[in-house]
Amino acid sequence: MLYIGVDLGTSAVKLLLMDSQGEIRRIESREYPLSFPHPGWSEQNPQDWWEQTLAGIDALLQGEDRSQVAGISFGGQMHGLVLLDEADEVIRPAILWNDGRTGEECDYLNEVIGKEKLSAYTANISFTGFTAPKILWVKNKEPENFARISKIMLPKDYIAYKLSGVHCTDVSDASGMLLFDVKNRCWSKEMCEICSVKESWLPTCYESYEVVGKILPEVAKCLGIPDSCVIAAGAGDNAAAAVGTGTVGDNRCNISLGTSGTIFISSKQFGVDKYNALHSFAHADGNFHLMGCMLSAASCNKWWMEDILGTKDFGAEQQDITEDKLGENHVYFLPYLMGERSPHNDPKARGTFIGMTMDSTRSDMTQAVLEGVAFALRDSLEVARSLGICPERTKICGGGAKSPLWKKIIANVLNLKLDIIESEEGPALGAAMLAAVACGEYASVEEIAEKMVKVVATVEPEPDLVAKYENRYQQFKEIYPACKAVYEKLF
């Protein structure tokens, strides 16, 4: 049988075709536009998602036996707001995860309603990217649109609805809305009341590997696939990527070194840190996860290389950073080019170099950028460790993980073994795996991950270098508190 994973990203939809043995048969990608109608706003037209998903599935199946397509599932950009009216027509463009218009609404939720209440109701506090403050923004700024709401959906769930006719979501994606009681895996009546949301507006919530329905006959006919094809709930992009890297079960870790950076720790126990520095979400495997999200990770290195140094030869710039220089650098870089989410939740934080002297070199600055991202990842790991969650190893994926030097730095800064996996296809692969579980091909998410995810190499931390970086990290973590008041005055 064949399974399709749909990864609805911010700039494109990526589609992956996988067979019963876990072999990837084909990958397709279709781009769509992103709109910035005002400074700090970020929107898309859900119809563009749907059209490109249909075209992508058709291309994905060229030359394949379409009668063998048994299931479709999803990974997707989280936190976005899709509003439907009584006729299930889109009311306004979707407001995306990276939209920053909801500062006032977040302040209201965090300061007036109070972080303690939000954490008690949802296990999280409000961030500008989350869905609930977007709903409040529509209520406050577009009351005519708010009055038309019949359904509230997340981006990938709109595609699931168009395929199945079912208004659905999954526990991992719902966790990022600030409307979901993560501990009890259900909608929060208190948060619905606070945000003036009728529970009838919210979709039915499923586990990520559960069947929500079957493909609509007219869509099946259009694609030439059986109308018995199962539609599974899927997961938010980070949870789907975690499935694809085998980060499921208890005390497993994955670091994603992409444009943004995440450290994702799976757990069979529900947990919340006292400052809500990490996101506490339901996981796609039926358990829970903690996630630290830094807004600028590999993008820091891209900015430094391309915009400041004027080069695209990243490897050449790293050649002078020899082993004897690791743990010895006196230059530090705070990687807050777009503000920061975890653990500081400070949109006013900014990228900062500190510690330069007359003998500081170009390669010292480059090394500081790589180390600064690693130190910031460790900030989130330390929060997890404070809860007694102490992984000994982690998977690593994303564009930044192509650098052997960066992987070595991260392994030693975090004192974790870094496992490199054979096939890194992110949320699209995780989505296809969830579809296979939903169809009964595998008994559980943990079983398919155990059978499919293969570690091909490991970067081991070195005790002497770990000790050096321990000293550097203790200095690094004093810099942000010292700069915080200055950042606030820059605006």
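This one's a predicted model, so the numbers in the text were calculated from it and none came from an experiment. Both backbone and side-chain heavy atoms feed into the values below; hydrogens, waters and symmetry mates do not.
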Peer 1: Does Val373 reach the side chain of Asn301, with side-chain heavy atoms less than 4.5 Å apart?
Peer 2: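 When only atoms from C-beta onward are counted, Asn301 and Val373 do not touch, as no gap falls below 4.5 Å.
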Peer 1: Would you mind checking if Glu104 and Lys141 are paired as a salt bridge, meaning a charged N to carboxylate O distance below 4.0 Å?
Peer 2: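 A salt bridge is present here (some side-chain N lies under 4.0 Å from a carboxylate O).
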Peer 1: Minimum heavy-atom separation for Gly129 to Arg341, with atom names?
Peer 2: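 Closest approach of Gly129 to Arg341: CA-NH2, 4.4 Å.
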Peer 1: Just say parallel, tilted or perpendicular for the rings of Tyr480 and His344, cut-offs at 30° and 60°.
Peer 2: parallel
Peer 1: What's the spacing between Asp7 CG and Ser73 OG if we round to 0.5 Å?
Peer 2: 11.5 Å
Peer 1: Find the distance between CG (Asn345) and CG (Asn110) and round it off to the nearest 0.5 Å.
Peer 2: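 Result: 7.0 Å between the selected atoms.
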Peer 1: Can you run down the salt bridge (Lys or Arg N to Asp or Glu O under 4.0 Å) pairs that involve residues 153-167, sequence neighbours left out, and say none if there aren't any?
Peer 2: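 Salt bridge (Lys or Arg N to Asp or Glu O under 4.0 Å) check on residues 153-167 returns Lys156-Asp170, Lys156-Asp173.
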Peer 1: How about Met1 and Cys439: do any of their side-chain heavy atoms sit closer than 4.5 Å?
Peer 2: no
Peer 1: Using a 4.5 Å cut-off on heavy atoms from C-beta on, say whether the side chain of Leu434 contacts that of Tyr3.
Peer 2: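 With C-beta onward as the side chain, the pair stays apart.
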Peer 1: Is a side-chain N or O of Tyr336 found less than 3.5 angstrom from the main chain of Met294, in a donor-acceptor match?
Peer 2: no
Peer 1: Is it the case that Ser126 and Tyr108 place a side-chain donor and acceptor less than 3.5 Å from each other?
Peer 2: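 Tyr108 and Ser126 do not have a side-chain donor-acceptor pair below 3.5 Å.
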Peer 1: Are there more than 12 heavy atoms of other residues, nucleotides or ligands under 6.0 Å from atom CD of Glu392?
Peer 2: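 Open.
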Peer 1: For Glu51, is there an ion pair with Arg30 - N to carboxylate O distance below 4.0 angstrom?
Peer 2: no
Peer 1: Lys407 side chain to Ala401 main-chain N or O, any donor-acceptor pair under 3.5 Å?
Peer 2: yes
Peer 1: Judged by atom type as modelled, is there a donor-acceptor pair below 3.5 Å linking the side chain of Glu447 to the main-chain atoms of Ser444?
Peer 2: no
Peer 1: Quick one: does Thr128's side chain have a donor or acceptor within less than 3.5 Å of a partner on Gly100's backbone?
Peer 2: no
Peer 1: Using 30° and 60° as the class limits, which term best fits the ring planes of His279 and Phe130: parallel, tilted or perpendicular?
Peer 2: tilted
Peer 1: Determine, for Arg378 against Glu371, whether the closest basic-nitrogen to carboxylate-oxygen distance falls under 4.0 angstrom.
Peer 2: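 A salt bridge is absent here (no side-chain N lies under 4.0 Å from a carboxylate O).
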Peer 1: From Leu416 CG over to Arg393 CZ, what is the distance, rounded to the nearest 0.5 angstrom?
Peer 2: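 Answer rounded to 0.5 Å: 10.0 Å.
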Peer 1: Where does the angle between the aromatic ring planes of Tyr473 and Phe476 fall among parallel (under 30°), tilted (30 to 60°) and perpendicular (over 60°)?
Peer 2: parallel
Peer 1: For the SG atom of Cys205 and the NE2 atom of His167, what is their distance to the nearest 0.5 Å?
Peer 2: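 Cys205 atom SG to His167 atom NE2 measures 15.0 Å (nearest 0.5 Å).
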Peer 1: Are Arg148 and Glu142 close enough for a salt bridge, meaning some N to O gap below 4.0 Å?
Peer 2: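 Not counted as a salt bridge, because no side-chain N and carboxylate O are separated by less than 4.0 Å.
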Peer 1: Please determine whether salt bridge (charged side-chain N to carboxylate O under 4.0 Å, His left out) holds for the pair Glu105 and Lys139, giving the CA-CA distance in whole Å, both sets of side-chain angles, and the decisive distance to 0.1 Å.
Peer 2: CA-CA 10 Å; Glu105 290 73 21; Lys139 179 187 176 186; over 6 Å; no
Peer 1: Could you tell me how the ring of Phe264 sits relative to the ring of His289: parallel (under 30°), tilted (30 to 60°) or perpendicular (over 60°)?
Peer 2: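 The arrangement is parallel - the two ring planes meet at less than 30°.
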Peer 1: For a quick check under 3.5 Å, do Thr10 and Gln77 share a side-chain donor-acceptor pair by atom type?
Peer 2: no
Peer 1: Can you give me the closest heavy-atom contact between Ile448 and Val437, atom names plus distance?
Peer 2: CG2-CG2, 3.9 Å
Peer 1: For Lys151, which residues count as a salt bridge (charged side-chain N to carboxylate O under 4.0 Å, His left out) partner, sequence neighbours excluded?
Peer 2: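 Scan of Lys151 (salt bridge (charged side-chain N to carboxylate O under 4.0 Å, His left out), adjacent residues dropped) gives none.
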Peer 1: Tell me, do Val13 and Tyr32 make a side-chain contact under 4.5 Å, heavy atoms counted?
Peer 2: yes
Peer 1: Between Asp99 and Lys134, is there a side-chain N and carboxylate O pair less than 4.0 Å apart?
Peer 2: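 Judged by the 4.0 Å cut-off on N to carboxylate O distance, Asp99 and Lys134 do not form a salt bridge.
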Peer 1: For the backbone of Leu136 and the side chain of Asn140, can you confirm whether one donor and one acceptor N or O come within less than 3.5 Å of each other?
Peer 2: yes
Peer 1: Checking the side chain of Ser119 only, and the main-chain atoms of Lys115 only, is there a donor and an acceptor separated by less than 3.5 Å?
Peer 2: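 It does not hold such a pair.
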Peer 1: Any heavy-atom pair between the side chains of Trp201 and Leu179 that's under 4.5 Å?
Peer 2: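 Heavy-atom side-chain distance check fails, nothing below 4.5 Å.
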Peer 1: Taking Lys189 first and then Glu193, would you say they form a salt bridge - that is, a charged N and a carboxylate O separated by under 4.0 Å?
Peer 2: no
Peer 1: Might you point out which heavy atoms bring Asn254 and Cys397 nearest each other, and give the distance in Å?
Peer 2: ND2-SG, 3.6 Å
Peer 1: I'd like to know if the side chain of Asp273 and the backbone of Ser386 have a donor-acceptor N/O pair within less than 3.5 Å.
Peer 2: no
Peer 1: Do you know which two heavy atoms are closest between Val369 and Phe333, and how far apart they sit?
Peer 2: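 It is CA-CD2, 3.8 Å.
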Peer 1: Checking the side chain of Asn124 only, and the main-chain atoms of Ser280 only, is there a donor and an acceptor separated by less than 3.5 Å?
Peer 2: yes
Peer 1: Inspect the surroundings of CD in Glu31 and state if more than 12 heavy atoms from other residues, nucleotides or ligands are less than 6.0 Å away.
Peer 2: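 At most 12 heavy atoms, drawn from other residues, nucleotides or ligands, come within 6.0 Å of this atom.
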Peer 1: Is Ser267 reaching over with its side chain to a backbone N or O of Phe288, donor-acceptor style, under 3.5 angstrom?
Peer 2: no
Peer 1: Looking at Val455, Ile396, Thr458, which one forms a side chain to side chain contact (heavy atoms under 4.5 Å, CB included) with Ile420?
Peer 2: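 Answer to the side chain to side chain contact (heavy atoms under 4.5 Å, CB included) test with Ile420 among Val455, Ile396, Thr458: Ile396.
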Peer 1: Which value, rounded to the nearest 0.5 Å, describes the distance between Met18 atom CE and Met452 atom CE?
Peer 2: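 Those atoms lie 5.0 Å apart.
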Peer 1: How about Thr169 and Met153: do any of their side-chain heavy atoms sit closer than 4.5 Å?
Peer 2: no
Peer 1: Could you go through the side-chain contact (heavy atoms from CB on, under 4.5 Å) check for Thr204 and Val166 one step at a time?
Peer 2: CA-CA 8 Å; Thr204 303; Val166 178; 5.7 Å; no
Peer 1: Can Gln474 and Glu470 be said to form a side-chain hydrogen bond (donor to acceptor under 3.5 Å, both in side chains), step by step?
Peer 2: CA-CA 6 Å; Gln474 295 303 323; Glu470 178 64 29; 2.7 Å; yes
Peer 1: Using a 3.5 Å distance criterion without hydrogens, assess whether the side chain of Asn184 forms a donor-acceptor pair with backbone atoms of Cys186.
Peer 2: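 Judged by distance alone, no pair lies under 3.5 Å.
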Peer 1: Find out whether Phe281 and Ser172 are in side-chain contact, i.e. whether some heavy atom of one side chain is under 4.5 Å from a heavy atom of the other.
Peer 2: no
Peer 1: Is any side-chain heavy atom of Pro93 closer than 4.5 Å to one of Asn45?
Peer 2: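 Heavy-atom side-chain distance check fails, nothing below 4.5 Å.
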